[in-house]
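The basis for the numbers below is simple: all heavy atoms, side chains too, and nothing from hydrogens, waters or symmetry mates. All ligand and atom numbering here is 1-based and tracks the order in the structure.
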Amino acid sequence: MKNVLLFCDPGIDDSIAIMYALLHPDINLVGVVSGYGNVDKKQATNNVAYLMDLANQKGIPIIGGATRSCTGEAPIYYPEIHGEDGLGPIRPPDTIKGELLNFSEVFKVIERHSDVFVVDVGRNTSLAVAMILDNEFQKKVKGFYVMGGAFLVPGNVTEAAEANFYGDPIASNFVMSEIDNVYSVPLNVTNKAIVKHEHILAIQDQSSSALISILDEVYDYYYEAYKKLVPGIQGAPLHDVVSLSLLMNPGMGQFLTRRVSVQSIGAARGQSLANFRVGSEAPIEGEEDLTKANIYLSLDYDAFIKDFIKIMSKQS
Ligand code: RIB
Ligand code: CA
């Protein structure tokens, strides 16, 4: 059993990651930190509360995360990909409102449970704030999985940048260059995590869970958006769930360990850089003690799909 504290901004693929976490028999979801990103913080929180309600999960703390980036700018939302309210065509009932716990609950959750893994599938602002508030935070967490970045491949919001790192490049640079037990889950692997309509139908065929009853509607909205972005695409890349799937199946992909930096200005804003040149695995003089990230660069697609269908088909 792995204890997971999830930082997210649901968002369609975040919501599907939450479903996966709630349904996984070996994940103990110890808390969810909801912040701005795909939608604003309030909507993200209501979406988390709605998913918890569908899953009949009443005891999992929902913790209030950040409302905007360390750059100080007003956030940009993406209704064309995630829908006006973050769940495609679905609007959570007005009667369900997320009751937010104060951010200090993050530290209480870490104290309360041993060996907690932090999985961050949104903008990295809230995670950076946790690290700033508590200098020892990194040491108290067993491991970090961060969905973000694009190494030597095109970005998805600009030619250089992936959306999470673009949204708050200052926080992402801090997180990626300061945490020494971080697993980076960039577009290099998540773009390959294409879930097809037939996979969703197979899951819904096997499941009677209320949580899964909305899966086709949210997926279809997201897939339609991706068809416009990538003509001919055969399904939709479910970026966020890959981090959880790799946490539970670390051998499902391969990673290289490198120093990472995230650029924050100009055309390179949000771009993630690491040195993959021949010989770059050897320690660089003067940089031996610098923190390095484990960057996933390949994914066993068949194993991912098999795991995704298996977990999503479980009864809640
Ligand atoms: O680039 C993919 C990421 O951006 C995912 O976390 C998705 O939810 C979007 O915000
Ligand atoms: Ca996300």
Describe, in one word, how the ring planes of F308 and F304 are oriented to each other, choosing from parallel (under 30°), tilted (30 to 60°) and perpendicular (over 60°).
->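 Aromatic pair F308/F304 classed parallel.
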Check whether any side-chain N or O of [X] sits under 3.5 Å from a backbone N or O of [Y] as a donor-acceptor pair, and report yes or no.
X	Y	value
Y219	I12	no
K196	I194	no
D120	G122	yes
D168	N124	no

Salt bridge or not for R123 and E73, using N-O below 4.0 Å?
->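 Salt bridge between R123 and E73, a charged N being under 4.0 Å from a carboxylate O: no.
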Salt bridge present between E224 and K227 (N-O < 4.0 angstrom) =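 Salt bridge between E224 and K227, a charged N being under 4.0 Å from a carboxylate O: yes.
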Would you check if there is a donor-acceptor pair between the side chains of D307 and Y20 at a distance under 3.5 Å?
->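 Yes.
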Regarding S280 and R258, is there a side-chain donor-to-acceptor distance under 3.5 Å anywhere?
->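 Yes.
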Residue, atom name and distance, where the atom is the protein heavy atom closest to [atom]:
atom	result
atom 2 (C) of ligand 1	E162 OE2, 3.2 Å
atom 6 (O) of ligand 1	D240 OD1, 2.6 Å
atom 8 (O) of ligand 1	D13 OD1, 2.6 Å

Is [X] touching ligand 1 with its side chain, its backbone, both, or neither, if touching means heavy atoms under 4.0 Å apart?
X	answer
V121	backbone
V157	neither
T190	neither

Could you tell me whether Q254 atom CD has more than 12 heavy atoms of other residues or ligands within 6.0 Å of it?
-> no
Interfacing atoms of ligand 1 (cut-off 4.0 Å, heavy-atom, [X]):
X	answer
H239	2 (C)
N164	3 (C), 4 (O), 5 (C), 6 (O), 10 (O)
N156	1 (O), 2 (C)
A163	1 (O), 4 (O)

Can you tell me if D13 has an N, O or S atom under 3.0 Å away from the Ca ion (ligand 2)?
-> no
G11 backbone or side-chain N/O/S under 3.0 Å from the Ca ion (ligand 2) = no
Have a look at D9 and say which of its N, O or S atoms is nearest the Ca ion (ligand 2).
->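 Going through the N, O and S atoms of D9 one by one, OD1 ends up nearest to the Ca ion (ligand 2).
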The Ca ion (ligand 2) - name of the N/O/S atom of D240 that sits closest to it =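 D240's closest N, O or S atom to the Ca ion (ligand 2) is named OD2.
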What do you reckon, does N38 have a nitrogen or oxygen under 3.5 Å from a nitrogen or oxygen of ligand 1?
->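 The answer is yes, given that N38 and ligand 1 share an N or O pair closer than 3.5 Å.
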How wide is the angle at the Ca ion (ligand 2) between O of V121 and OD2 of D14, to the nearest 10°?
->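 Rounded to 10°, it measures 80°.
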